Structure formats: C-alpha cells, structure tokens
Asks: 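Let me give you the structure first, and then I'll get to my questions.
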Amino acid sequence: MKQREKLAEIHAGKREPILQITQLTKAFPYGRNQQVTAVDHLDFTIFRGETLGLVGESGSGKSTTGRTLLRLHEPDSGETLFEGFDINHLKANDLKAMRKHMQMIFQDPYASLNPRMKIQDIIGEALDIHGLTKTKEERKARILELLDLVGLHPSFAERYPHEFSGGQRQRIGIARALAVDPTFIVLDEPLSALDASIQAQIVDLLEDLQEKLGLTYLFIAHDLAMVKQISDRVAVMHNGKIVELADSEELFNNPIHPYTKKLLAAIPIPDPNHESNHDSIVKAEDELVAYKGSEFKEVSPHHWVYC
Ligand code: ADP
Ligand code: MG
C-alpha cells in the first residue's frame, strides 16, 4: 500500500494502535551514585502495518527504547499496551508467549548469529523454543520456507554463518525473527553494517515482507537519510526524550525542534548553492542550547514537538 494511503488511514483513526506507550522510563546506574535516564517518560503510539522510524545520535536512547518495549530491559515505570494488553507486568509464561509476537533484528548480523550453528539450527531454534513444528519434516519444511521468504537458497540451511556475506547474514537474521510469525519487529540499525548497494536490497526485502505478512516495524537508525525512504512516520530522539514526531515527509519538510534541524543539516546536500551544511548545523546548535522543552504537544495535526 502507498505510504500516503496508509497515513490517511492512520489519521482517520482507521488503523488501530498495535503499541501504546505511556510515560515509559528506563534508567541505568552510572558511575558511583548517578544514573542516566536512557528512556525518559516517553509517550507514543505505533499503528498496525506502519513503519515508525526512530532516529537520533548515538547514546540518545534508541536501543534502550526498543529493548524496553520488548521487555528485554525491565522498564522502571510507564505502561506498554500491546494489542491493548499491558505487557509490563506479565509473568514468565505470558512473557514468553508475548515474545512470539514481538521480535528484534540487530545491527550486526554476524555477532548475533552463533558461529557454531548451522543456519537451519539458528532458524530452527526459534521454532523449537515456542514448539511451533511437530515433526522433523515439518521443521525442515518451515526452515526452507523461511529461507525462500528472505531470498536465500535452500542449500544454505546446511551451512554456517561465516560462509555468508553481510547482506546474506542480515537475511538470515530476518528469517530467524520471522520464524515465530511475529506481528511487530524492532529493527535496531539493521543496515548500518552494510554497503550502500546491499542496504537498498535489504530495504526492498523489508518493505516486501511488511506488505506480504502485515508486519509493523519500529525502525531505528542514527541517520535521518536512511529512515526517510522506509518510514511512514518518524520520531526523533535526544537525551532519552522523543523531541519530535511527525509523518516522514512533514518532518523533513517542516522540522520544528532545533535538534531535528541539526540532524537534517548534517545530511550532505549535493546542491552547491544551498546554504552550507556547516553553517546550518552551527545555527541549529545555537538554537538547541537556547531551547527548553517541557511538554510533548501536538503543534499541528499529527505533528508532535517537545516544547
Ligand atoms: P542509542 O541506541 O541511541 O545509541 P542507547 O539506548 O544504547 O542509545 O543508550 C542510551 C544511554 O543509556 C547511553 O548513555 C548508554 O550509555 C546508556 N546505556 C545503554 N544501555 C546500558 C546498559 N545496559 N547499562 C548501562 N547503561 C546503558
Ligand atoms: Mg543503539
């Protein structure tokens, strides 16, 4: 479906929220008696079938947000409703069942794949944990189906992670996440370790899979240019806060928060007549210092700014 139609449905209230996050907070101890609030009272919603981009510099709290949503980190406070159910107080068994619906794909496909396991066992492990296939034959058939889904040859099932390129490994990571038939996936900088040409192929694959399987994505990236193509809406994170959230095009054409402006100014622009990037970054940084936000407000329809 075209992005415009999808956004029209979201704005008309025709797409139900898949995740509703209220005041979600996670701090880590730091130094002796200090703590860093990596995720600071976040309020946002993710709608079924959309890709919400989450951008911000390294250390802004993006990964912690993704992990806390999935309860890979325990939140300190706040509410996460998944399909309307509060998942922050689930006990072990219910949490395991919930994990089947929510998966994560990581930046470095090599580090996240066990080098001593064959691809069929890396993918099969997810099936085994949740008891999703009953016989050996059924398990093998499902693994081959998943390899096919991510564009990998069936013979790859018998091979090991080191035999593959970065792009192929990321496809394996995607197949593993898809094994449990999830509805929501957090993608944590899934393209950052890949060459530009390979990045484009993985973006195409992710878009195809979203359409085919009705997936909802939270797509984390440190650079705005990367999320522009894939995201329907974009949230900008700075010091543990979402400082701005809007439709992708709106955010790029009409950024309001100085931090968003700073990120946008850092994208290289080929036009020599354009105001130099350096100047606009300096300007945005000055603005940011003077800027004090206090509340996440809807400043124009569907455009939220911490101000
Ligand atoms: P990002 O993904 O945007 O780079 P992170 O979520 O990884 O940011 O980190 C946000 C902040 O939380 C950083 O200050 C980081 O040092 C801190 N942090 C993240 N994970 C941990 C952890 N497991 N233990 C302690 N501090 C952490
Ligand atoms: Mg990160």
Side-chain angles (χ1 to χ4, degrees), residues 18-19 46 48-49 51 66-67 69-73 80 82-83 85 87 90-191 193 201-202 204-220:
I18 191 164
L19 274 160
I46 306 179
R48 187 177 302 283
T51 299
R67 289 173 162 274
L69 284 184
L70 304 190
R71 281 193 59 191
L72 296 171
H73 287 317
T80 306
F82 176 66
E83 309 264 19
F85 290 98
I87 59 168
L90 294 178
K91 297 281 181 313
N93 262 345
D94 294 330
L95 189 58
K96 184 180 162 194
M98 186 276 287
R99 289 257 158 79
K100 208 176 91 52
H101 303 290
M102 302 166 89
Q103 288 285 304
M104 186 141 180
I105 291 170
F106 300 93
Q107 170 179 351
D108 184 346
Y110 197 53
S112 67
L113 302 176
N114 185 335
R116 283 179 291 278
M117 280 167 76
K118 286 184 180 173
I119 303 311
Q120 61 186 6
D121 294 316
I122 289 173
I123 298 174
E125 196 177 37
L127 298 171
D128 302 340
I129 289 171
H130 293 280
L132 296 177
T133 51
K134 288 178 189 69
T135 63
K136 256 190 173 164
E137 293 71 30
E138 209 184 311
R139 184 178 186 269
K140 184 75 190 231
R142 177 67 176 145
I143 290 164
L144 296 182
E145 182 187 21
L146 286 159
L147 286 176
D148 183 57
L149 198 58
V150 299
L152 294 176
H153 194 268
S155 66
F156 287 15
E158 303 282 347
R159 291 160 64 181
Y160 291 90
H162 74 262
E163 301 177 57
F164 298 102
S165 68
Q168 288 171 327
R169 284 179 198 143
Q170 196 50 293
R171 286 174 194 265
I172 294 164
I174 295 169
R176 177 178 56 184
L178 293 178
V180 296
D181 207 8
T183 43
F184 173 66
I185 304 181
V186 174
L187 299 118
D188 194 355
E189 309 220 22
L191 309 176
Q201 293 172 15
I202 299 293
D204 286 347
L205 173 66
L206 291 170
E207 287 179 337
D208 284 352
L209 291 170
Q210 179 168 63
E211 185 83 28
K212 211 182 279 180
L213 305 173
L215 299 169
T216 304
Y217 295 145
L218 179 68
F219 189 96
I220 297 174

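Please read all numbers here as calculations on a predicted model, not as lab measurements.
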Asks: Whether the side chain of T183 engages the backbone of H101 through a donor-acceptor N/O pair (distance < 3.5 Å, no angle test) should be reported.
Replies: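 Judged by distance alone, yes, a pair lies under 3.5 Å.
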
Asks: So which of L191, D188, I185 actually passes side chain to side chain contact (heavy atoms under 4.5 Å, CB included) with F219?
Replies: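 The side chain to side chain contact (heavy atoms under 4.5 Å, CB included) with F219 is passed solely by L191 among L191, D188, I185.
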
Asks: For V150, is there any backbone N or O sitting under 3.5 Å from a side-chain donor or acceptor partner on R171?
Replies: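 Side chain of R171 to backbone of V150, a donor-acceptor pair under 3.5 Å: yes, one is there.
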
Asks: Hey, could you give me the CZ/CD distance between R169 and E163, rounded to the nearest 0.5 Å?
Replies: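 Between atom CZ of R169 and atom CD of E163 there are 10.0 Å.
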
Asks: Once you round to the nearest 0.5 Å, how far does CG of L95 lie from CE of M98?
Replies: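 Between atom CG of L95 and atom CE of M98 there are 4.5 Å.
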
Asks: Charged N to carboxylate O below 4.0 Å: is that the case for E145 and R142?
Replies: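 Salt bridge flag = yes for R142 with E145.
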
Asks: Looking at every non-hydrogen atom in both residues, tell me the closest pair between E138 and T133 and how far apart they are.
Replies: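 Closest approach of E138 to T133, heavy atoms only: OE2-CA, 3.7 Å.
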
Asks: How about L213 and L149: do any of their side-chain heavy atoms sit closer than 4.5 Å?
Replies: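 L213 reaches L149 side chain to side chain.
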
Asks: Hey, what do you get for CG (L113) to CZ (F164), rounding to the nearest 0.5 Å?
Replies: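 The distance works out to 10.0 Å.
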
Asks: Mind listing the closest non-hydrogen atom pair of L19 and M102 along with its distance?
Replies: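 So the minimum-distance heavy-atom pair works out to CD2-CE, 3.9 Å.
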
Asks: Which atom pair, heavy atoms only, marks the closest approach of I123 to A179?
Replies: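 Scanning both residues, the minimum pair turns out to be O-CB, 4.0 Å.
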
Asks: Do the side chains of D181 and L132 get nearer than 4.5 Å, heavy atoms only?
Replies: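 A side-chain contact is absent here, since even the closest heavy-atom pair is not under 4.5 Å.
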
Asks: So, for Q103 and P182, which heavy atoms are closest and what is the spacing to 0.1 Å?
Replies: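 That closest heavy-atom pairing would be CG-CB, 3.7 Å.
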
Asks: Fit a plane to each ring of Y160 and H162, take the angle between them on a 0 to 90° scale, and name the class: parallel (under 30°), tilted (30 to 60°) or perpendicular (over 60°).
Replies: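 Taking H162 first and then Y160, their aromatic rings lie parallel (interplane angle under 30°).
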
Asks: Does any N or O in the side chain of R99 come within less than 3.5 Å of the main-chain N or O of R71, such that one atom is a donor and the other an acceptor?
Replies: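 Yes.
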
Asks: Roughly how far, to the nearest 0.5 Å, is CG of L144 from CG of L152?
Replies: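 If I round to the nearest 0.5 Å, the distance is 11.5 Å.
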
Asks: Are the side chain of H153 and the backbone N or O of S155 linked by a donor-acceptor pair below 3.5 Å?
Replies: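 It does hold such a pair.
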
Asks: Evaluate the side-chain contact (heavy atoms from CB on, under 4.5 Å) criterion for residues I174 and I202: first the C-alpha distance (whole Å), next the side-chain angles of each, then the deciding distance (0.1 Å), finally the verdict.
Replies: CA-CA 10 Å; I174 295 169; I202 299 293; 4.2 Å; yes

Asks: First locate atom CG of L69, then atom CD1 of I87, and finally report the distance between them rounded to the nearest 0.5 Å.
Replies: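 Interatomic distance, L69 CG to I87 CD1, rounded to 0.5 Å: 7.5 Å.
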
Asks: Before you tell me yes or no, could you show the steps for L127 and I143 under side-chain contact (heavy atoms from CB on, under 4.5 Å), namely the whole-Å CA-CA distance, both residues' side-chain angles and the distance that decides it to 0.1 Å?
Replies: CA-CA 9 Å; L127 298 171; I143 290 164; 4.0 Å; yes

Asks: So, for L218 and G66, which heavy atoms are closest and what is the spacing to 0.1 Å?
Replies: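 Scanning both residues completely, I find the closest heavy atoms to be CD2-CA, 4.4 Å.
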
Asks: Does the distance from a Lys or Arg side-chain N to an Asp or Glu carboxylate O, for D121 and R139, drop under 4.0 Å?
Replies: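 The answer is yes: the pair qualifies as a salt bridge.
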
Asks: Decide yes or no for L90 and F85: does some side-chain heavy atom of the first lie under 4.5 Å from some side-chain heavy atom of the second?
Replies: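 No, side chains not in contact.
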
Asks: Calculate, to the nearest 0.5 Å, the distance between atoms CG and OG1 belonging to L215 and T51 respectively.
Replies: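 Here the interatomic distance stands at 9.0 Å.
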
Asks: With a 4.5 Å cut-off on side-chain heavy atoms, are I172 and P161 touching?
Replies: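 Side chain of P161 against side chain of I172, heavy atoms only: no contact under 4.5 Å found.
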
Asks: Less than 4.5 Å apart, side chain to side chain, heavy atoms only: is that true for Y217 and L209?
Replies: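 Yes - at least one pair of side-chain heavy atoms lies under 4.5 Å apart.
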
Asks: Between the side chain of Q170 and the main-chain N/O of F106, is any donor-acceptor distance below 3.5 Å?
Replies: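 Judged by distance alone, yes, a pair lies under 3.5 Å.
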
